[in-house]
Amino acid sequence: MHPDAASPLLPLVTLAAGVFLLMAPRIVSVAVAVYLIVTGLLGLNGIYHFFK
């Protein structure tokens with residue numbers, strides 16, 4: 001498959017993501033919050049080794 005084969009889909013995916021963000025901003029903010037918490041815990045685990 002040619003690397004540029006997905007480029008016609010990119011505007012459609014971007015448009016769909018934009019509509020989803022407008023319709024469900026609370027879901028997105030919760031997902032971002034969960035991601036930040038998990039990333040922070042993994043980062044602290046790398047320093048302090050809470051979990052093995």
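This chain uses plain numbering: 1 for the first residue, then up along the sequence. Values below: all heavy atoms of this structure, side chains included; hydrogens, waters and symmetry mates excluded.
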Worksheet entry | Cluster overlap Val32 with Phe20, hydrophobic side-chain contacts below 4.5 Å | yes
Worksheet item: Does Val30 belong to the same Ile/Leu/Val/Met/Phe/Trp/Tyr cluster as Val38, with side-chain heavy atoms less than 4.5 Å apart forming each link?
Response: yes
Response to the item:
Sorted by chain and residue number, the side-chain contact (heavy atoms from CB on, under 4.5 Å) partners of Ala31 (sequence neighbours excluded) come out as none
Fill in: With sequence neighbours excluded, residues passing side-chain contact (heavy atoms from CB on, under 4.5 Å) with Leu41
Ile37
Worksheet, complete the sentence: On a heavy-atom basis, the closest approach of Pro25 and Met23 is CD-C, 3.5 Å
Worksheet entry | Between CG on residue Leu21 and CD1 on residue Ile27, distance to nearest 0.5 Å | 10.5 Å
